[in-house]
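Please read all numbers here as calculations on a predicted model, not as lab measurements. Here is how names work: the chains are called A, B, and so on, in the same order as the sequence lines, proteins then strands, and each is numbered from 1.
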Amino acid sequence: MPNKPTKETFVTEITPRSEDFSRWYLDLVRRAELADYSPVKGCMVIRPYGYAMWELIQQALDARIKATGHVNAYFPLFIPNSLLTKEAEHVEGFSPQVAYVTHAGGEELEEKLVVRPTSEAIIGTMYANWVQSWRDLPILINQWANVVRWEKKTYPFLRTTEFLWQEGHTAHETEDEAEAETLKILDLYADVCESVLAMPVVKGRKTESEKFAGALRTYSIEALMGDGRALQAGTSHNLGQNFAKAFDIKFQARDKSVQHVWGTSWGVTTRLVGGLIMTHGDDSGLVLPPNVAPYQVVIVPIGRENWRETVLPKALEIQRALAGAGVRVTLDERDERPGWKFAEWELRGVPLRLEIGPKDIEKSAVLVARRDTREKQSLAMDGLPQRILQLLEEAQANLLQRARQFREEHTQRAGSYAEFREMMEGRPGFVIAPWCGAADCEARIKTDTQATIRNMPTANVPPGSCVRCDNPAKAEAWFAKAY
RNA sequence: CGGGAUGUAGCGCAGCCUGGUUAGCGCACCUGACUGGGGGUCAGGGGGUCGCCGGUUCGAAUCCGGCCAUCCCGACCA
């Protein structure tokens, strides 16, 4: 049922966040035209507005990946099945999710092809040909690609059968270098999340049971969504020599010995778009940080029947001035009522709305409404672009600050298991607790509370015993119910 | 893949139990007029193989069977 518009929400047709977070999210994805369901099960269409957000994330990430010495390349979508099966743990981990091509060209293929769920196998195979000497290292390659993982349960952006991502694959001379690379990328991801998406993340190491199939160690960044559930926003893996041994990636070292390379791989996906929605959105719709807003400013002309003659020229002038200052700006000159346009652009999360009407022109001013705070103020036309840039920065900073505060308010420390369970049943969020390191303890906690260890931010061993058993603690773990 | 629910216009739904003219409502959409600083009003209009296949019947959106899809809850995942 459509909701009555109120002063607070202004928007119809979106389930209130507090009423049903999941429906709110799905309504928003559809109404803001970010994505649409497709005829293919589990596969969504990313619509232009949603794709524009992904493109901005790509640009920010790509620039940072290149600035740290990596280069882009492209590897095939299809992988011969025999290659995928070379690394035992890797196959075992991925086989339930793999899609195969068995027929092509009107015939059954001699060897079925895997539609890549990730590219370690094909890239490792190529690296084996490319590496001879320590002088060939490191190899620092990234690719932007689509991958397919057959999922039982799908959800727009957060979990779809086909998704877009970037995957970096590097090969190094030493273990230390590979570990440094793994952590460097983790920092890079965290920086993009915080400075571009205004989405604070917790960096840490994954447990054995949650690590990437075939990796030595997996690190992740974890964000907290508006409903108190955690979202894995990116992963970085130290592959050790596992894939090098499986794919025979060897080099002659400085000391003349022949050794296997040390590998890493790392990725973030279109899931980030979902994370963005769930971090900042409200009952009126999306709230976009300026750095990922396809439009940072929308200009809405206000006026009487002849506004096209009286107001539009001024609006166009402002548009040109802002565009000239590097602002992504659009002018809404559709023949709709202003109030309707306000609601529509709020739904789409545009950070700043400029209202320009006869009254403003008279005062040589313009009315600015902020999406993040809903504050309105009149600004002089003089020096407007500089003031707008300043407001965009303020909005960006405010959103990060607000999200940080939300996370802090939803992060607790548990001393006992009783307390832990109570916290997990009560207000959702992160619970920090000492853990003994045993997989069965971890599994038991999941059965009892649905919470999993998201990651372990430090290598420090906390004093005392495991939150669930009496064994000494080996790590401080961040628990949460996760997407 | 197990348990529950739902498929009727782009979206949200009524009609089904108790079969029977032309399948209806709200929003959205199209045309026109008046409007225009927070989702306006009026008038006119377009849009449906009632998820698919089969059965029962003189007659099926409605009853029966099968299939498919989607959503919610549990086991796997970025």
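Look at CZ on R374(A): it is 18 Å from P on rG37(B), rounded to the nearest Å. As rounded to whole Å, 13 Å separates atom C1' of rG36(B) from atom CD of E355(A). Between the P atom of rG12(B) and the CD1 atom of I14(A) lies a distance of 14 Å, rounded to the nearest Å. Atom CZ in R23(A) sits roughly 18 Å away from atom P in rU70(B) (whole-Å rounding). Distance R30(A) CZ to rG10(B) P: 13 Å, rounded to the nearest Å. Rounded to whole Å, atom C1' of rG36(B) lies 10 Å from atom CZ of F342(A). Taking atom CD of E344(A) as the reference point, atom C1' of rG37(B) lies 18 Å away to the nearest angstrom. Q450(A) has its CD atom 5 Å from the P atom of rG74(B), to the nearest Å.
When atom types are taken as modelled, the side chain of N242(A) and the backbone of G214(A) share a donor-acceptor pair closer than 3.5 angstrom.
The side chain to side chain donor-acceptor pair (under 3.5 Å) search around R371(A) returns D282(A), not counting sequence neighbours. Scored by the salt bridge (Lys or Arg N to Asp or Glu O under 4.0 Å) test, E179(A) finds R217(A) as partners (sequence neighbours excluded). V101(A) meets the side-chain contact (heavy atoms from CB on, under 4.5 Å) test with F78(A), L109(A), L113(A), V115(A); sequence neighbours excluded.
Here, rC67(B) and rA75(B) have their C1' atoms 26 Å apart, quoted to the whole Å. Comparing the C1' positions of rU6(B) and rC52(B) gives an interatomic distance of 16 Å, to the nearest angstrom. Spacing of C1' atoms, rG15(B) relative to rA9(B), comes out at 15 Å, to the nearest Å. Look at the P atom in both rU8(B) and rC13(B): the space between them is 9 Å, to the nearest Å. Comparing rA14(B) with rC25(B), their P atoms sit 16 Å apart, to the nearest whole Å. Taking the C1' atom of each, rG46(B) and rU31(B) are spaced 10 Å apart, rounded to whole Å. Comparing rG7(B) with rU49(B), their C1' atoms are spaced 15 Å from each other, to the whole Å. Using C1' as the reference atom, rC64(B) and rA23(B) are 23 Å apart when rounded to the nearest Å.
When both pairing distances are held under 3.5 Å, rC1(B) makes a Watson-Crick or G-U pair with rG74(B). In this structure rC29(B) sits in a base pair with rG45(B), meeting the Watson-Crick or G-U test at under 3.5 Å. Using the Watson-Crick or G-U wobble rule with both distances under 3.5 Å, rG24(B) pairs with rC13(B). Partner assigned to rA61(B) is none, using Watson-Crick or G-U wobble distances below 3.5 angstrom. Under the Watson-Crick or G-U wobble criterion, with both distances below 3.5 Å, rG19(B) is left unpaired in every strand shown. rC67(B) is paired with rG51(B) under the criterion used here, namely a Watson-Crick or G-U wobble arrangement in which both key atom distances are under 3.5 Å.
K206(A) comes within 4.0 angstrom of nothing in the nucleic acid, heavy atoms only. P338(A) comes within contact range of the sugar-phosphate backbone alone, with a heavy-atom separation under 4.0 Å but no base atom that close. Within the 4.0 angstrom heavy-atom criterion, no nucleotide atom of any strand lies near W165(A). Among the heavy atoms of the strands lying under 4.0 Å from L158(A) is at least one base atom, whether or not backbone atoms are also near. At the heavy-atom level, T160(A) lies under 4.0 Å from base atoms of the strands shown.
Between the side chain of K153(A) and the base of rG74(B) there is no donor-acceptor pair of N/O atoms closer than 3.5 Å. Between the side chain of E336(A) and the base of rG36(B) there is no donor-acceptor pair of N/O atoms closer than 3.5 Å. With hydrogens and angles ignored, a donor-acceptor pair under 3.5 angstrom links the side chain of R353(A) to the base of rG38(B). A donor N or O paired with an acceptor N or O is found under 3.5 Å between the base of rC77(B) and the side-chain atoms of R159(A).
Nearest to the side chain of R31(A), among rC77(B), rG39(B), rC72(B), sits rG39(B). Closest to the side chain of D335(A), out of rC72(B), rG36(B), rC76(B), is rG36(B). Taking every side-chain heavy atom of S22(A) into account, rC72(B) is the closest of rG38(B), rG37(B), rC72(B).
Comparing Y37(A) and A233(A) against RNA chain B, the residue whose closest nucleotide sits nearer the 5' end is Y37(A). Of the two residues contacting RNA chain B, namely T154(A) and Q97(A), the nearest-nucleotide position lying further toward the 5' end is that of T154(A).
Near RNA chain B, meaning a heavy atom under 4.0 Å from it, residues 357-369 of chain A has G357(A), P358(A), K359(A), D360(A), L367(A) in order of number.
Between F243(A) and Y127(A), the gap from one ring centroid to the other reaches at least 6.0 Å. The aromatic ring centroids of F157(A) and Y25(A) lie 6.0 Å or more from each other.
Residues in residues 192-201 of chain A take part in these side chain to side chain donor-acceptor pair (under 3.5 Å) pairs, two or more places apart or across chains: R64(A)-S195(A), D191(A)-S195(A), E194(A)-R404(A). Within the structure, the ring pair (Phe, Tyr, Trp, His ring centres under 6.0 Å) test picks out no pair touching residues 358-381 of chain A (sequence neighbours left out).
When the side-chain nitrogen and oxygen atoms of R337(A) are compared with OP1 and OP2 of rG40(B), one or more of them lie within a distance under 4.0 Å.
Around CH2 of W144(A), the count of heavy atoms belonging to other residues, nucleotides or ligands within 6.0 Å exceeds 12.
Both tests pass for R353(A) against the ring of F342(A): distance under 6.0 Å to the centre and angle within 45° of the axis.
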